[in-house]
Visitor: 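Below you will find the structure I want to go over with you.
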Amino acid sequence: MSDIHDTATELFTELTGRTPDGLWSAPGRVNLIGEHTDYNDGFVLPFAIPHRTVAAVGVRDDGIGRVRVASTFAAEPVEVALDELGTLFPTLRQAQGTSSQGKPAVPEWAAYPLGVAWALAEAAGAAGAGIDIAIASDVPVGAGLSSSAAIEGATASALNDLWNAGLDKTALARIGRKAENEAVGAPTGIMDQMASMLGEPDAAIFLDCRSLEAQLVPLGVAEAGLAILVMDTRVKHAHSTGGYGERRAACERGAAIMGVPSLRDVSVGDLSRAETLMDDVTFRRVRHVVTENQRVLDTVRVLREQGARAIGDLLVASHASMRDDFEISVPELDTAVEAALSAGALGARMTGGGFGGAAIALIEADAVATVSDAVNAAFAASGFAAPHLFTVTPSAGAQRDA
Ligand code: ADP
Ligand code: MG
């Protein structure tokens, strides 16, 4: 058990005066390649990272049907009746036609675990017993490493067990996504939740976001003498506002113009026709998604045929596409990528939804210090706040730990 497990257990005891019935955890993730392709029914290739969110959870012994949730992130726990969960969140109220505006009735962070409880109760047919949840995490928040999927995955795994819902990992990933989309109001795809649920040591998850068919692809990063460096710019992003939703809308527009259900159905060979049919901005959004889908397929093939050492150029091309066509990079991410490449990285790209967050670099295992120094120096020279640099190894997905 880690420090995070101890912290979650202590918080649970502070909240309830008892010890938890169990500890469940789920990891953050890095997306190796395939950005903004998930909600276009396309392909992604993420892996789970060692950083985890732990939920210490217990069934309430007072027989009262309430759910109480505490996090080390928040000063106050939040408590609601299980049968009121469906009325708490603005998007849900909107769907029910009772209100079209306003903030959620709970703090935003609590909408993640409470949204999971609501979505899981719906999927299972009914909520189970009242429950207490205490959450601790070492996943960097808002860094594009999916602390959101980690909190969803830990909560969903715990409730699935304690409510005997019997749902499989893919169903739990869908529940996390539903919570994020409908309770939090962030229009994200299914990638993060699938990566956090299905991760395995030393493997990436090749996910078809249309069928939700997932295959583990061995990465062999350490075997090849390589390491993956995460470069968290510390520029915070927020998916429930702004650019993310606009990009989704552009993709939907592009698919409609092409007369297909989603951009998954557009191939690289269709792009010259697409260019004649749509405005420049929509076309560049479409070109990113279409070429990125192809890059995921190419990366999987190259990994299988040649190994991790050979995927660098695909990572670099992916970053250029996000920077120039999809326009979701920021100067800090470009600086991190360029500095890492100049210092000898085999490949580098921003990862996650963009507008801040983190980039990754595929580097020689013995070059961690050299590349880190170069990135730090480039940030200092540009007047940016110091980045947070650390290596990650592909790790296990959501599980019960105790
Ligand atoms: P990312 O998933 O890239 O870290 P998001 O904006 O998708 O960024 O999700 C971050 C949000 O998730 C936080 O602002 C917070 O509301 C919630 N969250 C994540 N981890 C925790 C945690 N351990 N405790 C409480 N809330 C959390
Ligand atoms: Mg997230």
Side-chain angles (χ1 to χ4, degrees), residues 2-5 7-8 11-12 15 23-31 35-36 38-39 44 46 48-49 51-57 68-78 89 103-104 106-117 133-156 158 173 176-197 230-245 328 330 333 350-360 388 392 398:
S2 68
D3 287 354
I4 308 297
H5 292 84
T7 306
L11 183 63
F12 184 91
L15 181 73
L23 296 169
W24 288 259
S25 70
R29 63 99 189 91
V30 154
N31 191 21
E35 223 65 73
H36 287 260
D38 60 350
Y39 56 79
V44 294
I49 59 175
H51 304 69
R52 301 182 82 83
T53 297
V54 175
V57 186
R68 190 159 45 157
V69 54
S71 165
T72 53
F73 287 30
E76 297 289 333
V78 175
F89 311 109
K103 288 191 160 297
V106 296
E108 189 183 66
W109 73 268
Y112 291 85
L114 294 176
V116 164
I133 305 171
I135 287 161
S137 177
D138 65 357
V139 184
V141 171
L145 302 174
S146 210
S147 68
S148 56
I151 189 173
E152 290 154 10
T155 310
R177 181 196 183 176
K178 185 167 176 170
E180 188 148 347
N181 290 171
E182 295 178 36
V184 180
T188 52
I190 191 79
M191 166 175 72
D192 298 353
Q193 293 82 8
M194 287 294 275
S196 183
M197 290 307 306
V230 173
M231 306 175 283
D232 175 7
T233 63
R234 298 182 190 257
V235 179
K236 298 289 175 214
H237 70 94
H239 292 336
S240 47
T241 53
Y244 194 100
I328 54 171
V330 294
L333 288 166
M350 53 153 281
T351 184
F355 307 104
I360 54 168
H388 180 205
V392 289

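In each ligand, atom 1 is the first atom listed, and ligand 1 is the first ligand listed. Computation of the quantities below employed the complete heavy-atom set of this structure, encompassing side-chain atoms and omitting hydrogens, waters and symmetry-equivalent molecules. Here the structure is a predicted model, which means the values were calculated and not measured.
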Visitor: Can you name the atoms of ligand 1, numbered from 1 with element, that are less than 4.0 Å from a heavy atom of V141?
Guide: 4 (O), 10 (C), 13 (C), 14 (O)
Visitor: Quick one: does any side-chain atom of R29 pair with a main-chain N or O of G144 as donor and acceptor, under 3.5 Å?
Guide: yes
Visitor: Short N/O distance, under 3.5 Å, between T53 and ligand 1?
Guide: no
Visitor: What atoms of ligand 1 come within less than 4.0 Å of a heavy atom belonging to L145?
Guide: 3 (O)
Visitor: Where on I135 is there a heavy atom closer than 4.0 Å to ligand 1, on the side chain, on the backbone, on both, or on neither?
Guide: side chain
Visitor: Which atoms of ligand 1 sit under 4.0 Å from any heavy atom of G144?
Guide: 3 (O)
Visitor: Do I4 and R52 make a side-chain contact, defined as non-hydrogen atoms from C-beta onward lying under 4.5 Å apart?
Guide: no
Visitor: Hey, which of I133, L23, V69 is the one that makes side chain to side chain contact (heavy atoms under 4.5 Å, CB included) with V57?
Guide: I133
Visitor: Check whether S196 reaches the backbone of P27 with its side chain - one donor and one acceptor, N or O, closer than 3.5 Å.
Guide: yes
Visitor: Measure from the Mg ion (ligand 2) to each N, O or S atom of S148 and report whether any distance is below 2.8 Å.
Guide: yes
Visitor: Between S71 and W109, is there a side-chain heavy-atom distance shorter than 4.5 Å?
Guide: yes
Visitor: Determine whether the side chain, the backbone, both or neither of T72 has a heavy atom under 4.0 Å from any heavy atom of ligand 1.
Guide: neither
Visitor: Answer with side chain, backbone, both or neither: which part of F73 has a heavy atom less than 4.0 angstrom from an atom of ligand 1?
Guide: side chain
Visitor: Would you indicate whether the side-chain heavy atoms of Y112 and T155 approach each other to under 4.5 Å?
Guide: no
Visitor: Is there side-chain contact between E35 and M191, with heavy atoms separated by less than 4.5 Å?
Guide: yes
Visitor: Does any part of the side chain of V392, heavy atoms only, come nearer than 4.5 Å to the side chain of H51, both counted from C-beta?
Guide: yes
Visitor: Could you say whether the N/O atoms of A136 and ligand 1 ever approach to under 3.5 Å?
Guide: no
Visitor: Find all atoms of ligand 1 within a distance of less than 4.0 Å from any non-hydrogen atom belonging to S137, and give their numbers and elements.
Guide: 23 (N)
Visitor: Do S137 and T72 have side chains that approach each other closer than 4.5 Å (heavy atoms only, starting at C-beta)?
Guide: no
Visitor: If we set the cut-off at 4.0 Å for heavy atoms, which region of S148 has an atom near ligand 1: side chain, backbone, both, or neither?
Guide: both
Visitor: Could you say whether the N/O atoms of S147 and ligand 1 ever approach to under 3.5 Å?
Guide: yes
Visitor: Only heavy atoms of I151, strictly under 4.0 Å: list the atoms of ligand 1 that pass.
Guide: 21 (C), 22 (C), 24 (N), 25 (C), 26 (N), 27 (C)
Visitor: Take every heavy atom of G352, measure it against each atom of ligand 1, and state whether any distance is under 4.0 Å.
Guide: no
Visitor: I'd like to check which ligand 1 atoms, numbered from 1 as shown, lie under 4.0 Å from a non-hydrogen atom of G142.
Guide: 1 (P), 3 (O), 4 (O), 8 (O)
Visitor: Looking at side-chain heavy atoms only, is the closest gap between V54 and I135 below 4.5 Å?
Guide: no
